[in-house]
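Structure, as structure tokens:
Per chain, numbering begins at 1; letters A, B, ... match sequence-line order. The figures that follow rest on heavy atoms only: side chains count, while hydrogens, waters and symmetry mates do not.
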Amino acid sequence: MKKDINEKLMHIYRLLYAKNGSRNWWPADTRFEVIIGAILTQFVSWKNVTTAIDNLKNENILSIKGICEADDGRLEELIRSTRFYKQKARRLKEFCFHVKNNYNGDLDFFFSKDMYDLRRELLSLYGIGEETADSIILYAAQKPIFVVDAYTRRIFVRLGFFKEEIKYREMQEFFMENLEHDVQLFNEYHAQIDGVGSHYCYGKKPVCNECPLDNMCLFEKRITKEKRKDC
DNA sequence: GCCCAGGGGGCTC
DNA sequence: GAGCCCCATGGG
């Protein structure tokens, strides 16, 4: 771990934490709900997801058994608010059947695997890509993997750490090479990024004046003078 | 009416 | 592997 990079990353973390406090992520009652939320939130705002999760709760099918036994059309209807609902209904079903058929429906059993074995297995399932897999590993299985997303890219490109075309794994490796592997730190760091991500962009729009990272935009060499005025 | 939002699969070359 | 299209709701 490079000490100077670690200190920069921790400085950013502390600025965000000082402003927002703990964000208590992930917003869910159970780890199964975390998993369902991770799949449903793909390319959609969280508000749309809460509608769907409430529907599943009200219908009393927010469980592996419940999803497995649910009628396909009914399931689609309940999660309609999350966009791409037909695909997502299939994703939920396939995840639940995987755990049911291979782990006797037992998430403890499923999550007892080595972290990277678990990651490979999740990635093999339909509809689970890197971000979704990592969210499940960190927030449901409580194993120390760093979750990156579009907001992480946006902010750290703007701050000058990454080029815009950086790959998911490269971003993830950067954080994991330069931060202590700690579930609580990884949990809160990603949550903090999420909390300010919507205020950031690559330079097209002004950043939020309230954001504690504004004065760090000077790290971003590719932002023009004109755009820098936004900071 | 239009634009955009925290992704992933599948196809092509 | 990169580039492209598909999926198809809800809020501002």
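- Contact check, A:K167 against C:dA2: a side-chain N or O comes under 4.0 Å of OP1 or OP2.
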Task: Derivation of the salt bridge (Lys or Arg N to Asp or Glu O under 4.0 Å) call for A:E164 and A:R153 - done: CA-CA 7 Å; A:E164 205 164 321; A:R153 180 192 306 272; over 6 Å; no
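- With salt bridges taken as basic N to acidic carboxylate O contacts below 4.0 Å, none links A:E177 and A:K2.
- Note on A:K88: nothing from the nucleic acid sits closer than 4.0 angstrom, heavy atoms only.
- Rounded to whole Å, atom P of B:dG6 lies 20 Å from atom CD1 of A:I128.
- A salt bridge does not link A:E188 with A:R23: none of the charged nitrogens is closer than 4.0 Å to a carboxylate oxygen.
- Protein atom CD of A:E130 is 10 Å distant from nucleotide atom P of B:dG9, rounded to whole Å.
- Among C:dC7, C:dT9, B:dG10, the nucleotide with an atom closest to any side-chain atom of A:R83 is C:dT9.
- Nucleotide B:dG8 holds its P atom 8 Å from the OH atom of A:Y168, rounded to whole Å.
- Only the P atoms considered, C:dC4 is 23 Å distant from B:dG6, to the nearest whole Å.
- Rounded to an integer number of Å, the gap from A:E94 CD to B:dG8 C1' is 13 Å.
- Place A:H190 and A:L123 on DNA chain B by their nearest nucleotides, and A:H190 ends up nearer the 5' end.
- A 3.5 Å limit on both hydrogen-bonding distances identifies C:dA2 as the Watson-Crick or G-U partner of B:dT12.
- Protein atom CH2 of A:W46 is 20 Å distant from nucleotide atom P of C:dT9, rounded to whole Å.
- Nucleotides of DNA chain C nearest to A:F43 and A:N48 differ in position, and the one nearer the 5' end is that of A:F43.
- Place A:D149 and A:L125 on DNA chain B by their nearest nucleotides, and A:D149 ends up nearer the 5' end.
- A:D134 has its CG atom 13 Å from the C1' atom of B:dG7, to the nearest Å.
- Annotation: C:dC5 and B:dC4 have their P atoms spaced 16 Å apart (nearest Å).
- When both distances must be under 3.5 Å, the Watson-Crick or G-U wobble mate of B:dG6 does not exist.
- With A:Q192 contributing its side chain and A:G21 its backbone, the two residues share a donor-acceptor pair below 3.5 Å.
- In this structure, A:R31 pairs ionically with A:D108, as a charged nitrogen and a carboxylate oxygen lie closer than 4.0 Å.
- Summarising the base pairing, B:dG1 is matched to no nucleotide, lacking a Watson-Crick or G-U wobble pair whose two defining distances lie under 3.5 Å.
- Residue A:T132 places at least one side-chain N or O under 4.0 Å from the OP1 or OP2 atom of B:dG8.
- The side chain of A:F84 approaches C:dC7 more closely than any other nucleotide in the set C:dC7, B:dG6, B:dG9.
- At the heavy-atom level, A:S81 lies under 4.0 Å from the strands shown only through sugar-phosphate atoms.
- Classification of A:E76 and A:R80 as a salt-bridged pair fails, no side-chain N sitting under 4.0 Å from a carboxylate O.
- Put simply, OH on A:Y85 is 15 Å from C1' on C:dC6, counting in whole angstrom units.
- A straight line from CD of A:E131 to C1' of B:dG8 spans 11 Å, rounded to a whole angstrom.
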